[in-house]
Amino acid sequence: MASESSDEGGNGYEPKILVFACNWCSYAGADLAGVSRLQMPANCRIIRVMCSARVRPEFVVTALSKGLDGVLVLGCHPGDCHYSEGNYFTRRRGLLLKNLLQFVGIEPERFQVRWVSASEGAKFADTVEQVTEQIRALGPNRPRSGNQSAEPGDR
Amino acid sequence: MEDKLQELVVELLGDGAMEYFIGYRQGFEPSHVVPCFVTDQSEADRLIWGPLCLQNLSKYVLQARDLDGKVGLLVKGCDARAIVELVKQHQIERDRVVVVGVPCEGQVDPRKLEQVLGVPMEQVIDVEDAGDEFLVTVGSEVRKIGKEQVLRDKCFFCKHPASFDYDYTLGEVQPFTIDGDSEEYDAVEKLEGLPLEERRAFWQKQFERCIRCNACREVCYGCYCKECIFDRTAPRWLDRPPLLRENEMYHLIRAVHLAGRCIDCGECERVCPVNIPLGRLYKKLQKDIAELFDYEAGMEYDTVPPLVDFELDDQDPFL
Amino acid sequence: MPKTRVGVFVCHCGNNIGGVVRVPEVVEYARTLPNVACVEDNLYMCSEEGLSSIREQIAEHGLNRVVVASCTPRTHEPLFREACEEAGLNKYLFEFVNIREHCSWVHMHDPVMATEKAKELVRMGVAKARFLEPQEEFESSVFPAALVIGGGVAGMTAALGLANQGIQVHLVEREQELGGLIRGVRTLFPTGQASEEVLHPLAEQVRSHRQITVHLGSEVEDAGGFIGDFDVAVKADGQVNNLKVGAVIVATGAEELKPTGLYRYSELGNVVTQLEFEERFKGGADVPRNVVIINCVGARIAERTYCGRFCCTTAIKNAVWLKERDPEAGVFVLHRDVMAYGVQIEEFYRRAMELGVRFVRYDPENPPQILGTDGVDAVRVQHQLMGKEIVLPADLVVLTTPLVARDDNARLSKLLKVPLGGEGFFLEAHLKLRPVEFSTDGVYVCGSARYPANIPESVSQAYASAAKASIPIREGVVRAEAITALCDERTCSACGNCVEVCPFGAVELQEGSFGRTAQVNPAQCKGCGCCVAACPSGAMQQSGFNDRQLLSMIGALAEEMTGGVGE
Amino acid sequence: MSNQSVVVVGGGIAGIQASIDLANMGFRVYLVEQTPSIGGRMAQLDKTFPTNDCSMCILAPKMIECAGHENVELLTYSELAEVSGTAGDFKVTVRRKPPYVDAAKCTGCGECAEKCPRRVPDEFNVGLDKRKAIYLPFPQAVPRKMTIDAEACLYLTKGRCRVCEETCQAGAIDFEQQEEILELEVGALLLATGFDPFDPAPLEEYGYGRIENVITGLEYERLICASGPTGGHLERPSDGKVPGTIAFIQCVGSRDVNYQPYCSSVCCMHATKEAILANEHYPDLKSFIFYTDMRAVGKQFQDYIIRARDEYDVSYVRSRPGKITVDEETGNPIVWYDETVYSEAEDPVRRVTSLEVDLVVLCQALVPHTDHQELADKMGLELDESGFIAIEDRLVRPVDTSVAGVFACGFCQGPQDIPDSVVQASAAAARVAEILSLESRELEHA
């Protein structure tokens with residue numbers, strides 16, 4: 001059997017990172033990383049959205065609040081948006097939210113925005129690697145104490 | 001000034017220029033000021049003005065949406081910006097509101113005043129503005145108290161003591177600063193300067209206390225949504241129990257929603273029953289928005305709110 | 001409502017997934033997820049065998065949601081959606097989970113983590129699938145007529161391009177005759193034909209075409225609507241004519257810059273622009289002997305940075321004309337770069353040099369000087385390559401100026417809700433790949449209204465815009481993938497954030513049964529979701545990416561899902 | 001009514017755009033592409049001027065849209081064999097080479113390529129690295145199906161190997177496949193065969209092929225591309241060092257009566273883009289562009305040049321270098337040139353000087369596709385003196401060839417950039433729609 005790197009080294013802490021990727025550039029960049037077999041840590045989970053501007057800041061706040069260790073929003077490079085201007089809104093929202101989260105004591109590494117184009121498979125892999133390592137170094141977002149009942153959505 | 005106000009309201013009601021007027025009147029105790037809705041000329045003499053007229057009355061203007069005519073409103077410079085925002089956000093047409101601007105030289109924070117006086121507000125009979133100080137009547141005694149001791153936080157750096165867009169004004173007043181040693185964003189910057197862990201501890205301590213009474217939301221001029229996202233059930237964003245993480249989420253999401261719209265009226269902090277310094281959270285956003293996007297809420301009708309706008313060369317740290 | 005029954009199909013993709021991710025473990029895990037009614041795996045889910053297993057399981061288990069965990073939706077989504085449809089399931093009840101590109105291929109050395117990740121991705125996929133809803137694709141009909149604004153070469157060509165396809169066209173021209181800018185041009189590059197030779201047959205075809213209605217002396221007064229259904233008011237002689245069209249082409253052209261204040265233009269009678277030159281000496285009589293042409297007048301300068309694109313060609317054309325008439329004529333072209341791009345213009349440039357036209361490169365920092373009192377006698381210029389000053393005798397100076405945007409563009413841009421760029425020209429949807437479209441569907445642009453273009457380029461653009469405009473008209477309907485935004489009017493408070501952010505002008509505040517609220521026109525919506533994120537109350541949602549669906553994915557990732565959650 | 005189907009030849013951006021437009025108009029489109037994937041030259045570009053849009057980001061959705069369109073039939077790895085008939089009624093024979101892979105079964109997973117023992121130069125990366133004998137031309141290829149290069153395959157050339165066959169769990173490898181001949185009946189043909197880069201080796205003075213650190217524009221493009229052979233790291237050939245200075249030489253083979261007399265139209269902007277990208281990757285990197293006329297005539301082009309100069313440390317030198325030599329020790333090329341602009345000359349008397357740089361990029365001429373002449377002959381098309389497809393009446397019929405019912409768009413009919421090619425592609429689609437809407441008796445006057 002292949003090596004079980006998940007149990008190697010450290011305290012075995014594996015951060016869980018939510019990634020939003022826009023359909024046209026970043027998701028395609030992630031696909032390219034796959035096609036190119038670029039290896040990277042297995043801590044990120046992608047939610048595909050059509051445009052990074054679909055990611056409402058509430059998602060980021062919710063994800064962190066629910067105990068996820070980090071949120072990474074990926075969009076087309078400014079100027080490349082499939083919808084011509086979506087990522088400019090992402091950029092403004094991202095700037096403000098990052099500052100706000102930091103202001104209430106949430107480490108800036110836990111919420112990041114990056115631009116990854118469809119040809120930047122390697123950048124996608126590097127970004128995943130970097131962000132994972134940064135968050136791993138921080139440790140768990142917060143003890144998952146309190147109510148475990150929170151399953152957003154309906155009940 | 002009260003005379004002038006009352007005369008004006010009588011005149012406007014008489015002309016049929018408005019259906020009713022929203023101002024302030026005295027409540028159960030002399031120091032307790034409440035909003036006052038004047039529909040009849042005969043009631044105009046109840047209207048008062050002074051450093052205890054704390055409420056931002058702008059929120060009530062939304063009621064005029066259901067009227068045929070206009071509604072009149074007394075606004076301080078800070079609150080007047082809410083009217084601008086409400087117009088910009090399509091909640092009311094400007095010509096449905098008769099804006100009566102009142103020059104304001106600072107409002108009293110009742111909590112501070114109680115501390116300085118050492119007596120509860122019920123015993124305060126009158127507070128009068130006298131330049132750099134307030135004349136406070138407690139019993140038969142009139143005490144002079146320096147403004148810097150009892151002013152509401154938001155009043156220390158009042159950039160807009162009068163409305164820029166009014167139909168009538170009760171007088172002119174210049175922007176002022178009390179306590180020249182400090183700067184507008186001192187409180188925010190102090191927090192920003194703390195190590196992350198301490199900042200976190202600070203806010204956790206605050207958010208822990210929140211009982212999620214929604215008072216901050218109810219009082220906010222900007223919270224006019226027909227259905228608040230927090231009240232939705234499909235999906236449900238928040239769990240009911242006021243646990244720390246839910247509370248934190250509540251306040252952060254509110255902040256995000258008000259970013260670029262908050263006009264710093266301070267009502268949320270004033271009504272908070274557990275004294276969460278919400279003003280500081282909103283001031284932080286205001287500061288960032290000014291610095292990053294060169295925007296101040298409530299100042300112009302024809303600018304686009306910062307989060308639904310962009311510049312091609314906005315700061316881009318994301319690369 | 002029937003119980004939610006999710007079918008999960010996990011692909012091995014040969015060894016590609018199965019060689020890293022322990023598929024059986026994922027399958028077993030998926031069985032424990034709420035609402036999952038059946039789980040299958042297959043060596044190749046996209047093979048006919050895999051697809052038929054999806055169809056069979058839908059029937060057998062009464063599945064009403066399907067999740068496939070395999071490769072990337074960017075290439076395979078249509079295939080699986082089709083399989084669902086064949087089994088009678090609305091294709092929007094399908095959800096894709098990528099465990100190949102995003103999992104097995106990038107974690108090849110860590111089967112444990114890869115398997116965990118695959119499970120979580122499936123969990124998220126199932127969580128979203130539970131809240132998927134069947135969707136009808138939007139369709140709206142297209143009125144089978146087009147409006148072309150501008151009766152120059154571009155406008156006429158666009159009109160013919162459409163009319164020859166059998167499409168009804170209204171051509172609106174401000175002037176009393178067709179032809180536009182080239183009416184004043186003597187000959188045309190590259191064929192050297194007189195402009196009338198080209199213009200007259202073209203205008204005649206337009207006038208006589210039974211599918212084309214020409215509105216002369218007319219202007220667009222008002223416009224509203226959207227792709228397939230525009231209402232346009234055209235005004236002529238105080239009369240307003242209301243037209244209904246399905247598409248609009250903007251072909252309003254541009255005008256020659258009059259270089260007031262430069263090179264003593266308008267002060268001296270023998271300093272003229274290229275157009276004025278062509279007009280004045282159209283017949284070829286009394287053409288002066290010594291002519292100095294100055295290029296880049298009012299172009300490529302700080303206040304107007306762009307290059308006029310074909311003004312060098314015009315200068316060469318007129319220089320050649322002068323030399324061909326009179327080989328002894330002294331013709332100088334003072335230039336900054338000779339923009340003789342491509343085959344024909346470069347050839348033409350070479351020909352001009354062979355004929356003896358002298359090209360002198362000048363420095364914009366040290367521009368040529370016009371000498372003379374009552375008229376030009378000579379031009380003094382610092383020869384950039386020789387490094388010395390020369391004085392050229394001149395009976396006439398011709399200033400080559402760029403085309404500039406028409407002032408009226410601003411008005412038209414507001415009416416049609418299409419943007420202008422920095423120089424006042426119309427701004428296309430995408431500079432590279434959508435040069436004749438606007439981001440607003442149903443409105444197109446061609447010719448110099450977009451940016452200075454010579455005749456061949458304008459004609460190409462005109463045809464291109466005709467192609468684009470003909471698509472919705474030929475099809476008769478516009479369709480949209482059901483990922484468009486939708487506003488819940490009951491809870492919308494009309495703050496207008498959505499209207500501001502929409503890149504396509506698809507959202508408007510309108511009076512409806514719940515008062516004034518935002519309303520999305522699905523014919524214009526492209527499904528980016530910008531507006532959804534900007535809506536504080538959650539009244540605005542996007543089909544297939546609504547808050548409930550995405551939030552359930554976040555929730556599923558954050559927490560172990562327990563049984564019994566869901567409807 | 002005429003036959004409502006069309007053959008489009010060439011699957012680059014022009015062919016793709018024309019196919020999508022025609023398909024959306026309701027015509028049946030056969031898109032014939034010589035290589036195993038559509039995408040063409042644009043797929044090889046890293047970014048595009050003047051917006052620096054990522055080329056693949058904007059192209060890939062079009063490729064997928066085109067291939068997935070119900071009215072488009074993609075005939076990749078195929079060539080036009082014969083054409084007969086007239087406008088409205090052509091008979092076209094297409095020869096489809098066997099990829100030795102069953103497209104219905106292949107999932108494009110690429111496992112076979114991992115195992116394939118045979119390595120050959122990778123055309124997509126202009127030979128800068130290797131691909132296998134069974135291959136996907138590039139990661140975003142459409143269709144995503146493997147192809148066996150018959151000339152490289154060990155089994156097909158030497159009769160033993162078949163490793164791919166053993167590897168493929170889908171059983172997609174099929175060495176029994178034969179060449180297919182397709183007979184199509186169509187109303188019109190549209191040519192979009194694009195360009196090939198001119199090989200600058202004959203210009204011996206520039207040392208291409210002799211001086212290692214003299215490369216071509218297309219090679220540079222692959223080097224700077226994030227998905228290229230070096231992952232976007234600009235490594236010069238001689239020692240892998242990142243260059244600190246680059247000289248771009250314009251008009252290499254263009255505007256040269258000995259080679260191509262015409263202006264290739266895109267190189268000024270292309271070089272500017274490359275210089276900007278270099279500086280974006282390495283902020284200390286300095287570029288020199290040696291030009292004759294800086295032909296930046298498109299929308300926003302001048303602003304791009306200004307930005308290059310002001311923000312990306314690009315110097316424009318008006319000169320056509322006479323020769324390039326090499327410093328044998330460092331491998332640095334030395335560019336020898338005349339200082340033509342008097343005021344900029346260091347030595348106003350001699351005005352010949354040299355510049356030592358770390359890398360030279362030759363912005364080579366772009367020429368009509370190699371197989372272009374043969375294609376033209378088959379169809380009876382006229383070519384112009386430079387070998388581009390001749391256009392009879394550029395003023396009124398800018399996409400009509402000398403044969404009625406046959407249209408040409410993009411670079412094959414004259415040098416042009418992407419927007420102009422896309423415009424012509426749509427224009428050609430409109431012309432096809434026009435003539436196929438007419439009754440056949442009207443066709444000859446169309």
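Letters A, B, ... are given to chains in the order of the sequence lines, protein chains preceding strands, and every chain is numbered from 1. Only heavy atoms go into these numbers, but all of them, side chains included; no hydrogens, no water, no symmetry mates.
- B/Gln91 places a side-chain N or O within donor-acceptor distance of the main-chain N or O of C/Ser493, the cut-off being under 3.5 Å.
- Contacts with chain B (heavy atom to heavy atom, under 4.5 Å) involve these residues of residues 502-509 of chain C, listed by number: C/Leu509.
- In B/Asp294, the CG atom is not crowded: 12 or fewer heavy atoms of neighbouring residues, nucleotides or ligands sit closer than 6.0 Å.
- In this structure, C/Asp547 CG and B/Arg236 CZ are separated by 15.0 Å, a value rounded to the nearest 0.5 Å.
- Taking all atoms of both residues into account, the shortest heavy-atom contact from B/His90 to C/Arg516 is O-NH2, 3.2 Å.
- Under a cut-off of 6.0 angstrom, the local environment of NZ in B/Lys205 is sparse, with at most 12 non-hydrogen atoms contributed by other residues, nucleotides or ligands.
- Dense packing is recorded around CZ of B/Arg94, with more than 12 heavy atoms of other residues, nucleotides or ligands lying under 6.0 Å away.
- In terms of non-hydrogen atom pairs under 4.5 Å with chain B, the most contact-rich of C/Ala494, C/Ala539, C/Pro536, C/Gly538 is C/Pro536.
- Highest contact tally toward chain C, considering only B/Arg232, B/His257, B/Glu227, is held by B/Arg232 [criterion: heavy-atom pairs under 4.5 Å].
- Heavy-atom minimum distance, C/Glu489 versus B/Lys226: O-NZ, 3.9 Å.
- Only the backbone of C/Cys492 comes within contact range of chain B, with at least one heavy atom under 4.5 Å from a heavy atom of that chain.
- Within the structure, salt bridge (Lys or Arg N to Asp or Glu O under 4.0 Å) pairs that include any residue of residues 307-319 of chain B comprise A/Arg91-B/Asp316, A/Arg92-B/Asp314 (at least two apart or interchain).
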